Every structure is written in C-alpha cells, then in structure tokens.
Amino acid sequence: MNADHRVIALIDMDCFYVQVEQRLQPEFLGKPCGVAQYYTWKGGGLIAVNYEARNFGVKRGMRGEQAKELCPDFHVFHVQEVNGKANLTRYRDASADVFRVLNANFKLVEKASIDEGGKAGERVMELFQVEYIGQLRKYSLDALQTSMGEKDGYWLFNLTRGIETTAVNSRNLYKTISASKNFPGKTCLDTIDKIRIWCHNLAEEIFNRLEKDRAENKRRAKLLTVTCTLTTNETIARSCPINEYSIDRFANDTLKILKQYNKNSSTSNIYTPAIINLGISAGKFLDSVNTKSIADLFSKQTTKVETIRSTENTINWQEEDGEEEDNNIEEKVLEKPITTITTLSIQGDFFRKFKKTDEQINTQLKSENKTTTSSITSFFSRYTTNENVLNSSPNKIDDQYITCSKCHKSILMWNMPEHDDFHYAHELQMEENKTNSIIKTSKPIKRKTNKQKINNQTLDSFINKKPKN
DNA sequence: ACGGATCCGACT
DNA sequence: TAGTCGGAT
Ligand SMILES: Nc1ccn([C@H]2C[C@H](O)[C@@H](COP(=O)(O)OP(=O)(O)OP(=O)(O)O)O2)c(=O)n1
Ligand SMILES: [Mg+2]
Ligand SMILES: [Mg+2]
C-alpha cells in the first residue's frame with residue numbers, strides 16, 4: 001500500500017463495555033447506564049458510561065452512587081468478580097470478537113489507543129500558540145526540532161503537510177498479560193497470609209489467561225514480573241523466568257520476591273511496609289512452535305536478572321530446588337526475545353490532543369456533518385452475515401438496491417453507509433489537496449460529529465450471534 | 001478510596 | 001541487550 005494514497009479508517013466502539021452488557025441484557029437498551037467495578041465503596045467506580053447517561057453529566061471515574069444522584073434512573077452493570085477481584089474477561093472476549101471480524105474483512109488492522117487528552121498535544125499548542133494542526137506549517141523545521149527534538153520535530157513538520165508514512169501495524173497481539181489489584185487504606189496487605197492468598201489469586205488469573213493465549217496464539221511467556229506498591233509509596237518491579245505455566249509456581253515465585261521487601265522478621269506473620277498494590281505480569285512471548293530449533297540457531301543469550309540490593313546482602317533469582325544446578329545465579333539463560341515494534345511516543349499523544357480540538361470544531365460544523373454509527377450488535381451481524389462486506393456480489397433481489405444520488409450507481413441497501421462514506425472521504429481528499437498545495441492559513445478539520453447519527457438502527461433483527469457469556 | 005491494564009521510552 | 005521505573009492513556 002502506497003502511503004501517499006492510503007486511507008486509514010478509525011473504528012472506535014461507543015461506550016464499549018456498556019454495549020457488551022446491553023447485548024446480554026437488551027432490556028437496558030436506550031436507558032442510561034454504566035459499568036462499574038466493585039460495589040461496596042460508594043457503589044463502585046464507573047469505567048464506562050453510555051451516551052444517555054452522559055447527558056446527565058455522568059462520567060467515567062465517578063462512583064455509582066454519584067451517578068445515581070445525577071441520574072436517578074441510572075443503571076449500573078457490575079464487572080464480574082473472581083476471588084474478590086474485578087475480572088475483565090467478558091470485555092476481552094468481546095474485543096476479540098470485534099478483531100476477529102475486522103481481521104476477516106480487512107487486510108491491515110492495527111489495535112490503537114486513541115483517546116482525548118494528551119500531554120504532547122497540549123505542549124505543542126501551548127508552545128506554538130496554535131489551535132489547529134495546520135497552523136504549525138508557519139514554523140520552520142528548525143524551530144520545530146529545537147522545541148520538540150530532532151526526531152519528533154521532523155515528524156511534526158511532515159505531519160502538518162499531510163506527510164505521514166508510518167506503516168499500519170498488522171499485529172493485534174498484546175505483548176503482556178497482567179493482573180493487578182489495589183488494596184487501599186485498611187485493606188492493605190499487611191500479613192504474609194494475606195499476601196500468600198493474593199499471590200495465589202493473581203497467579204490463578206494469569207495462569208488461566210496464559211493457557212488460553214498459548215492455545216490461541218501458539219506462544220509462551222518467558223518472563224514473570226511482579227510489581228508492588230508499598231505504603232511507603234515506592235513501587236518495585238522484579239522479574240523472574242517462567243519455565244513452566246503453573247499456578248503454584250507463579251504464586252510461589254511472586255511470594256518469594258515479595259518476601260525480600262519484608263522489613264519484619266521472617267518468622268512473624270506481619271509484613272512491613274504493607275502492600276497497597278500488587279500485580280503480576282507475564283511477557284517476553286516466544287513462539288512455541290519450533291522453539292527448540294529457533295533457540296538452537298542463536299547462540300545462547302544470557303540475561304541478567306537484576307540483583308536485589310539491600311543493606312546486608314545481594315539476592316539473586318534462584319530456583320526453589322537445586323535441580324537447575326546453575327550455581328552462578330548471577331545469570332540465567334533465556335531465548336532471544338522477539339523483535340519489538342517501536343513507534344514515536346509523541347504520535348499517539350498528539351492525535352489524542354487534536355482529536356479533542358476537533359470535537360470543539362464539530363459544534364460549528366454540526367449542520368453539514370454526519371456520522372456512521374451503529375450498535376455493537378449490528379456491527380457483528382452486518383460484518384459476519386455477508387461473505388464479503390466491502391465487495392458483496394450484486395446477484396441479489398432488486399428491491400435491495402438503491403441508486404446513489406452522487407454517482408448514480410446501484411448500491412446494495414446495506415452497503416449504502418459505506419458507499420456514502422466513500423463519497424465523504426473523497427470530498428475530504430479534494431479539500432485537503434486544495435489546502436495542501438499552497439501553504440496558507442489552515443482550515444479547521446472537517447469532521448463528522450457524534451451527535452447526528454445516521455444508521456443508528458438497533459437492528460435486533462440482524463442479530464445472529466449472541467455471546468454465551 | 002480515580003481501578004485495571006497495556007505500552008513505551010529513558011535510564012542503567 | 002536486559003531489567004527497572006515512570007509516564008501516559
Ligand atoms: N480509563 C479507561 C478507559 C477505557 N476503559 C475501558 C472501558 C471502555 O468502554 C473501553 C473503551 O474505551 P474508550 O476510551 O473507547 O471509551 P468508551 O468506548 O467507553 O466510550 P466512547 O464512546 O467515548 O468511545 O475501555 C477503561 O476501563 N478505563
Ligand atoms: Mg473512544
Ligand atoms: Mg470507545
């Protein structure tokens with residue numbers, strides 16, 4: 001794909017977790033609701049809020065109780081809990097469903113995280129006193145590089161001229177699998193017994209997710225990282241190798257690491273300073289097919305697991321039993337890690353910021369804008385019922401066709417939103433070509449609003465797939 | 001007591 | 001190159 005002529009579509013589900021719940025309980029469709037984690041502390045913390053509820057001022061991060069004050073009819077869905085910890089499996093699975101559909105229908109799909117806010121965007125706006133990205137064109141490459149650094153300045157210079165050739169990544173696989181939990185206030189983990197239990201709970205969740213990942217993606221995590229925050233407010237992260245997927249091994253390894261920060265006597269059950277956040281993460285995935293042969297191809301790589309310094313001694317990671325007679329515990333053998341993709345950190349932040357700006361612009365452009373919006377259920381049905389959504393073959397019944405007013409082509413009814421988008425994109429392109437040819441005052445970016453939704457049908461009749469969960 | 005989770009760059 | 005830490009979302 002030539003980066004000069006490519007079209008990148010951005011797909012972002014509306015209030016995703018809420019829709020996942022509504023799909024399971026359709027009686028709440030059209031009602032203000034949100035998804036919260038936990039309950040006992042002020043009705044739980046909201047992590048997703050639908051648009052009906054946003055109209056009442058309900059926001060992510062609010063407590064369920066506060067949402068009820070703002071919106072008496074507000075309904076709270078609660079995240080499933082397993083062993084007293086929020087478990088996001090339902091949403092991960094739903095997300096995987098979305099990506100299965102996307103991957104089956106598009107050549108190149110990249111998972112991104114585009115959100116409002118963003119420090120880099122703010123810094124640029126502040127520094128250069130601009131509101132729109134195009135206004136940056138009045139600054140020289142030199143000026144941009146002086147303020148933003150050589151790399152980011154160059155990127156920005158080209159970006160403002162419509163030049164951005166970064167490849168779209170085709171990978172969607174996560175690089176880490178992690179499970180963590182806060183233990184605020186009185187709930188802090190201040191005894192070995194409590195810590196042991198939570199090491200086990202987190203280990204179990206990680207294990208389950210790793211096993212599923214191994215089956216689906218034919219790879220194995222090689223590194224376990226334990227992260228904890230103590231009441232002293234310091235955060236510590238330590239890693240150890242994963243030799244085998246096992247709940248007990250994960251739990252025991254985690255516990256062993258944590259014990260090294262216990263200032264109390266090792267015979268006491270009291271743990272000081274207490275733990276207010278505990279997390280386990282698995283990463284450094286390696287393909288499990290041909291692992292042996294691949295490992296043999298490269299000379300053995302030795303990786304040092306950082307020594308843990310305390311005033312008295314230096315402790316290194318070591319196996320429980322001495323089977324692995326690697327007495328030089330300073331070094332352990334790990335296979336060569338997979339190559340990681342690097343991207344400029346500024347990119348995501350920058351877009352995030354200007355996305356917000358765009359939304360401000362939207363209010364001015366309301367009347368001429370439209371947006372293609374549909375429910376999550378219609379997303380699945382539409383993109384799974386047709387063999388080839390984008391180029392569906394025209395051997396269908398006549399009354400399913402409509403004539404496009406712009407190009408007078410006969411278009412399958414359910415392809416009309418996409419077809420219409422084509423014209424929309426085309427118009428944008430023409431406009432952009434005009435403004436790009438000459439460097440002059442920039443125009444606000446023309447953008448679709450979220451308000452006027454066409455194709456917002458909640459087409460229950462199209463539902464042919466329901467989750468089991 | 002604004003949680004759980006993921007990614008990435010800087011630093012060493 | 002590997003592990004740790006912190007920032008960002
Ligand atoms: N701080 C956050 C942000 C998001 N999410 C979860 C819940 C969201 O439903 C999902 C998708 O994130 P979005 O930022 O896309 O938010 P929504 O889809 O909920 O809302 P919008 O309609 O604005 O996209 O990720 C979360 O748990 N914590
Ligand atoms: Mg969003
Ligand atoms: Mg969304």
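In the text below, chain A, chain B and the rest are named by the order of the sequence lines, each starting its count at 1. These figures come from a predicted structure and were not determined experimentally.
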request  = With sequence neighbours excluded, give me every salt bridge (Lys or Arg N to Asp or Glu O under 4.0 Å) pair touching residues 31-55 of chain A.
outcome  = none
ask   = Which residue lies toward the 5' end of DNA chain B, K85(A) or K186(A), if each is placed at its nearest nucleotide?
value = K186(A)
inquiry  = On DNA chain B, does the nearest nucleotide to Y38(A) precede the nearest nucleotide to L173(A) from the 5' side, or the other way round? Give the residue.
reply    = Y38(A)
task = For the residue pair N217(A) and D213(A), confirm or rule out a side-chain donor-acceptor distance under 3.5 Å.
result = yes
query = Taking N269(A) for the side chain and I192(A) for the main chain, is one N or O donor matched with an acceptor at less than 3.5 Å?
reply = yes
query = Can you check side-chain contact (heavy atoms from CB on, under 4.5 Å) on T232(A) and K263(A), steps first, answer last?
reply = CA-CA 12 Å; T232(A) 57; K263(A) 288 200 167 73; 5.5 Å; no
request  = Could you check how far CD1 of I280(A) sits from C1' of dT6(B), rounded to whole Å?
outcome  = 16 Å
inquiry  = Measuring from the side chain of W41(A) (C-beta onward, heavy atoms only), which nucleotide among dA1(B), dC5(C), dG4(B) has the closest atom?
reply    = dA1(B)
remark   = Quick note, Y174(A) side chain, CB onward, closest among dA1(B), dC7(B), dG3(C) is dC7(B)
ask   = In whole Å, what separates the P atom of dA1(B) from that of dT9(C)?
value = 22 Å
message = Considering every strand and a 4.0 Å limit on heavy-atom distances, what is the contact class for I47(A): base, sugar-phosphate, or nothing?
response = base
inquiry  = Looking at R209(A), I'd like to know whether one of its side-chain N or O atoms comes within less than 4.0 Å of OP1 or OP2 on dT6(B).
reply    = yes
message = Between Q80(A) and T89(A) (side chain of the first, backbone of the second, donor and acceptor by atom type, cut-off under 3.5 Å), is there such a pair?
response = no
key: Side chain of T187(A) - closest among dA1(B), dG3(B), dT6(B)   = dA1(B)
key: E81(A) CD to dG3(B) C1', straight-line distance once rounded to whole Å   = 12 Å
task = Just call it for G45(A): base, sugar-phosphate, or nothing, with non-hydrogen atoms closer than 4.0 Å on any strand.
result = nothing
ask   = Short question: side chain of Y139(A), backbone of F128(A) - any donor-acceptor pair under 3.5 Å?
value = yes
Phosphate OP1/OP2 of dT6(B) contacted by S178(A) side-chain N/O (<4.0 Å) = yes
ask   = Rounded to whole angstroms, how far apart are NZ on K284(A) and P on dC8(B)?
value = 12 Å
task = Considering just the side-chain nitrogens and oxygens of R60(A), establish if one lies under 4.0 Å of OP1 or OP2 belonging to dG3(B).
result = no
message = With salt bridge (Lys or Arg N to Asp or Glu O under 4.0 Å) as the rule and sequence neighbours excluded, what pairs involving residues 184-195 of chain A come up?
response = D190(A)-K194(A), D193(A)-R196(A)
request  = Report the distance from atom CG of L278(A) to atom P of dA5(B), rounded to the nearest whole Å.
outcome  = 12 Å
key: Pairing annotation in dot-bracket form, given for DNA chain B with Watson-Crick or G-U pairs under 3.5 Å and | for cross-strand partners   = ....||||||||
inquiry  = Can you see if the side chain of R238(A) gets near the phosphate of dC5(C) - specifically, an N or O under 4.0 Å from OP1 or OP2?
reply    = yes
query = Across the strands shown, which category fits E205(A) at heavy-atom distances under 4.0 angstrom: base, sugar-phosphate, nothing?
reply = sugar-phosphate
remark   = Separation of dA5(B) atom P from N182(A) atom CG, nearest Å, is 11 Å
ask   = Quick one: which of dC7(B), dA5(B), dC2(B) gets closest to the side chain of R63(A)?
value = dC2(B)
message = Tell me whether R161(A) forms a cation-pi arrangement with F157(A), defined as NZ or CZ under 6.0 Å from the six-membered ring centre and within 45 degrees of its axis.
response = yes
task = For dC2(B), take OP1 and OP2 only and decide whether either is under 4.0 Å from a side-chain N or O of K42(A).
result = no
note = Out of dG3(C), dA5(B), dG3(B), minimum distance to the side chain of S239(A) belongs to dG3(C)
ask   = dT1(C) C1' sits how many Å from L223(A) CG, rounded?
value = 13 Å
query = Separation of K181(A) atom NZ from dA1(B) atom C1', in whole Å?
reply = 11 Å
inquiry  = Hydrogens and angles aside, do R238(A) and Y261(A) bring a side-chain donor and acceptor to less than 3.5 Å of each other?
reply    = yes
ask   = Can you tell me if the side-chain N/O atoms of T176(A) get under 4.0 Å from OP1 or OP2 in dC7(B)?
value = yes
inquiry  = If I take atom NZ in residue K222(A) and atom P in nucleotide dG3(C), what distance separates them, rounded to the nearest angstrom?
reply    = 13 Å
